[in-house]
Protein chains: 2
Amino acid sequence: MVNRSPDLSGAVSERLENAGQRLTGNRSALVDVLGEAARPMTIPEILEERPDLAQSSVYRNLVVLEQAGLVHRIVTNDEFARYELAEDLTGHHHHLICANCGSVEDIPPIPALEAAMDGAITQVARRTGFHTETHRIDLIGLCARCS
Amino acid sequence: MVNRSPDLSGAVSERLENAGQRLTGNRSALVDVLGEAARPMTIPEILEERPDLAQSSVYRNLVVLEQAGLVHRIVTNDEFARYELAEDLTGHHHHLICANCGSVEDIPPIPALEAAMDGAITQVARRTGFHTETHRIDLIGLCARCS
DNA sequence: CTTTCTGCAAACGATTTGCAGCAGC
DNA sequence: GCTGCTGCAAATCGTTTGCAGAAAG
């Protein structure tokens, strides 16, 4: 996500403080790496970009950042979990997941789809009592490189 | 999924054979359990229902059934993976995932949403070269019990 | 200063696998 | 009867955790 909020670092320190956590170099480094990536990253990818970080601290800090509402963890059928900045920092988006190589790319929301989704959420609430907070739309197929 | 194909067992033996695998009691037992559930099941849930099955065989056979195209594995943020019958056996559907208790329920596709999805898939292919094979729509929120 | 964070190495737990005996075909 | 499946127990590997020293406020 390149289009990050102008006040990303403000949000970071504010939400960490609200969560009773300190703002440390490791934690801003993680937010930076995730903020510059155009897709959710695995921990090996993060470590490749920032070899100075200790693996255990990355795991620990991603938990902290997730609890602070700054980072979102997503699990695919791949072996590693992936992390991205929270949607309210990067904008709502969906994922293209390659069934062959496992890569994940972000795409912006498609207006007609989002509109249909709003109607669907209302229907579901009426029919099942389920109260939707957010939704996830993934397209699964072959990326340009694999097809 | 209660509305299973009338020829479920036919599909099972045929696809196992195509995959060069034998049809065994354990494997049909798994298909039965998944076919009767209204939602994707974890391995502990499967073992609870069929305590006679060995855990390692369940893991192994779910891999075989997935490769044969009979079963689909889904991963949530929950600690266990979940398994369901392939969509062409049960019908296309989506999931309601409770952010609080982690439960997953199936819901039928919503026509307006599916129609919008078709348009979106075309747009994505044109813009990014990604060739969509299937899609996944999950609504995340609070189930009737947790809200 | 005090409290929280970090890095190392050891622990954990869901899943996978080696192997000897059993079952599909 | 061969070959592939099963069950047990041991191994694997992503992730979590305990602890002593370092850094945030």
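Proteins get letters first, then strands, A, B, ... in listed order; numbering begins at 1 in each. These numbers come from a predicted model, not from an experiment.
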### Task
Report yes or no: is there a donor-acceptor pair, N or O only, under 3.5 Å between the side chain of Thr24(B) and the base of dC5(D)?
no

## Note on the structure
Correct closest heavy-atom pair for Leu70(A) and Ala11(A) would be CD2-O, 4.0 Å

### Selection from dT6(D), dT15(C), dT6(C) that lies nearest to any side-chain heavy atom of Asn61(A)
dT6(C)

#### Entry: Of the listed nucleotides dC8(C), dG14(D), dA23(C), the one nearest the side chain of Arg22(B)
dA23(C)

### Toward the 5' end of DNA chain C, by each residue's nearest nucleotide, Ala54(A) or Leu23(B)
Ala54(A)

### Message
So, OP1 or OP2 of dG24(C): does either fall under 4.0 Å of a side-chain N or O from Asn26(B)?
### Response
no

## Note on the structure
Phe80(B) atom CZ is separated from dT15(D) atom C1', nearest whole Å, by 15 Å

### Query
Base, sugar-phosphate, or nothing: which does Ile43(B) touch, judged by heavy atoms less than 4.0 Å apart?
nothing

### Message
From CG of Leu62(B) over to P of dT17(C), roughly how many Å is that when rounded to an integer?
### Response
15 Å

### Query
Relative to the ring of His135(B), is the ring of His92(B) parallel (under 30°), tilted (30 to 60°) or perpendicular (over 60°)?
perpendicular

### Query
Do any N or O atoms from the side chain of Arg27(A) and from the backbone of Asn61(A) form a donor-acceptor pair under 3.5 angstrom?
no

### Message
For Ser56(B) and Gln21(B), find the nucleotide of DNA chain C closest to each by heavy atoms; which residue's nucleotide sits nearer the 5' end?
### Response
Ser56(B)

### Task
Give the rounded distance in Å between these two atoms: CD of Gln55(B) and P of dT12(D).
18 Å

### Query
Heavy atoms under 4.0 Å, any strand shown: does Glu79(B) hit a base, just sugar-phosphate, or nothing?
sugar-phosphate

### Message
Without decimals, in angstroms, what is the distance between Glu45(A) CD and dG14(D) P?
### Response
14 Å

### Message
Restricting to non-hydrogen atoms, name the atom on Phe130(B) and the atom on Ile97(A) that form the minimum distance, rounded to 0.1 Å.
### Response
CZ-O, 3.3 Å

#### Entry: Separation of dT6(C) P from Arg27(A) CZ (nearest whole Å)
5 Å

### Message
With a cut-off of less than 4.0 Å, is there a side-chain N or O of Tyr59(B) near OP1 or OP2 of dT16(C)?
### Response
no

### Query
Nearest-Å distance, CG (Asp78(A)) to C1' (dT15(C))?
15 Å

### Task
Could you check how far CG of Leu16(A) sits from P of dT4(C), rounded to whole Å?
14 Å

### Straight-line distance of Glu17(B) CD to Leu23(B) CG, nearest 0.5 Å
9.5 Å

### Message
Using whole Å, what does the distance between atom P of nucleotide dA14(C) and atom OH of Tyr83(B) come to?
### Response
13 Å

### Query
Considering only dA9(C), dG18(C), dT6(C), which nucleotide approaches the side chain of Arg60(B) most closely?
dG18(C)

